[in-house]
Amino acid sequence: MSTLAGKHIVLGLSGGIAAYKSAELCRALVKAGVTVQVVMTEAAEQFMTAVTLQALSGRPVYTSQWDPREANNMAHINLSREADAIVVAPASADFMAKLLHGGADELLSLMCLARPIDKVPLIVAPAMNRQMWSNPATRRNVAQLQADGIHVLDVGQGDQACGETGDGRMLEADDILEELEAFFTPKVLAGRAVLVTAGPTYEAIDPVRGITNLSSGKMGFAIARAARLAGAEVTLIAGPVSLATPRGVKRVNVRSARDMLLAVQAHLPAQGVFVATAAVADWRPDHSAEQKIKKDGSGQTPELAFVENPDILATVAQSAAAQKGALFCVGFAAESHDLLAHTTAKRLRKLVPLLVGNIGPATFGQDDNALLLVDEAGARELPHASKQVLATQLIEDIGQRLK
Ligand code: C5P
């Protein structure tokens with residue numbers, strides 16, 4: 001479940017072509033369980049109609065500070081007092097300049113000025129042409145808005161409606177939603193660096209064939225996302241999977257177990273937490289043929305010999321133990337039966353403080369799972385839920401341990 005569920009957000013639109021994305025943002029917020037009150041400036045109404053946003057939010061839109069629907073005729077006070085946050089998307093260059101100076105000549109800026117700043121955060125998603133974005137006036141304004149405690153989101157990069165290319169596009173609706181999710185997530189891993197391995201590995205037999213497994217990478221990607229939402233700097237070492245990289249996560253793609261070990265070792269310095277969710281192949285062919293192994297028609301099958309892959313988790317945990325606690329290691333165990341016994345034994349064998357057991361065949365490729373957290377003191381179950389919910393719970397658990 002989204003941390004946004006149950007929140008009440010005032011979605012403000014100022015004038016800019018990116019306003020078309022706000023319709024999608026409004027819809028996504030409602031889908032996440034948010035009640036959305038839309039407020040539009042006169043300029044915003046040049047780009048979108050209040051009818052569209054009323055239909056999507058399920059509430060009448062406010063466009064004027066003189067709106068007679070409010071019994072006390074103080075829409076700016078009433079709307080801002082009930083909000084968990086005000087999100088202005090798009091925030092035009094002009095609107096940001098107005099915010100900066102405490103301008104209040106229409107409802108949206110008036111409401112932003114009138115909000116109780118200690119209770120109602122203001123989050124703005126800038127949208128403008130690249131020259132406007134890089135103009136010293138805008139640079140100054142962004143810096144001052146941040147200094148005033150206003151949360152200024154990043155801008156996107158790419159083609160702009162004017163035909164130019166560069167920085168200044170408003171973030172996509174999904175990205176804004178993710179930033180809002182991050183904004184409301186407790187920062188249990190603030191300031192921590194977290195390294196996660198995920199997905200299967202692929203061990204080549206020849207240039208066109210190899211050995212892999214059914215790991216989807218979903219659990220590891222969910223953990224990387226949850227860690228980032230909780231304030232961590234996250235690096236995700238991913239085996240061959242086609243999942244989208246969670247926003248704000250640095251991803252390094254690898255193929256084989258040995259590549260994964262090298263990538264982990266390269267990124268290990270400065271990490272505070274290592275979570276090994278990857279389903280690393282235990283064995284690889286002892287050599288990979290340079291050319292495709294051909295069928296010769298004789299019915300004879302090729303002889304494959306295997307060698308054991310390095311155990312990435314055990315290697316990392318061993319050096320972490322030697323360095324006495326600078327790195328907190330978490331492993332996973334995909335078992336088919338006797339989960340507690342196997343997970344407990346594996347934890348001791350791999351020398352990790354926390355090992356997370358799950359039933360492999362039941363979870364590979366699925367969107368949900370159930371986890372058993374095994375540590376020195378015993379075991380705790382995280383009952384059946386979506387992988388994202390479990391990832392959030394696991395990150396909260398890790399956050400508690402690091403306190
Ligand atoms: O030994 P087993 O594969 O069951 O151990 C599972 C745990 O060890 C997982 O955390 C997995 O990511 C990690 N592992 C590893 N390198 C291997 C094998 C497993 O990091 N070669």
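In this text the structure is predicted, and so the values were computed from the model without any measurement. Numbering of ligands and ligand atoms starts at 1, following listing order.
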Is [X] in polar range of ligand 1, meaning some N or O pair under 3.5 Å apart?
{"X": "Ala276", "value": "yes"}
{"X": "Lys350", "value": "yes"}
{"X": "Glu335", "value": "no"}
{"X": "Phe332", "value": "yes"}
{"X": "Ala333", "value": "no"}
{"X": "Ile312", "value": "yes"}

* **Arg247 and Glu178 ion-paired at < 4.0 Å** =>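 No, Arg247 and Glu178 are not salt-bridged.
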
* Could you tell me whether Lys98 and Asp105 make a salt bridge, using a distance below 4.0 angstrom between a side-chain N and a carboxylate O? =>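 Yes.
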
* Asked: In ligand 1, which numbered atoms sit nearer than 4.0 Å to a non-hydrogen atom of Gly331?
  ->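 Listed by number with element, the hits are 10 (O).
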
* Between the side chains of Asp296 and Ser298, does any donor sit under 3.5 Å from an acceptor? -> yes

* Asked: Of the listed options (Val352, Thr315, Leu313), which comes nearest to atom 15 (C) of ligand 1 when hydrogens are ignored and any heavy atom counts?
  -> Leu313

* If you measure from atom 21 (N) of ligand 1 to every heavy atom of Cys329, Ala257, Pro310, which option wins on shortest distance? -> Pro310

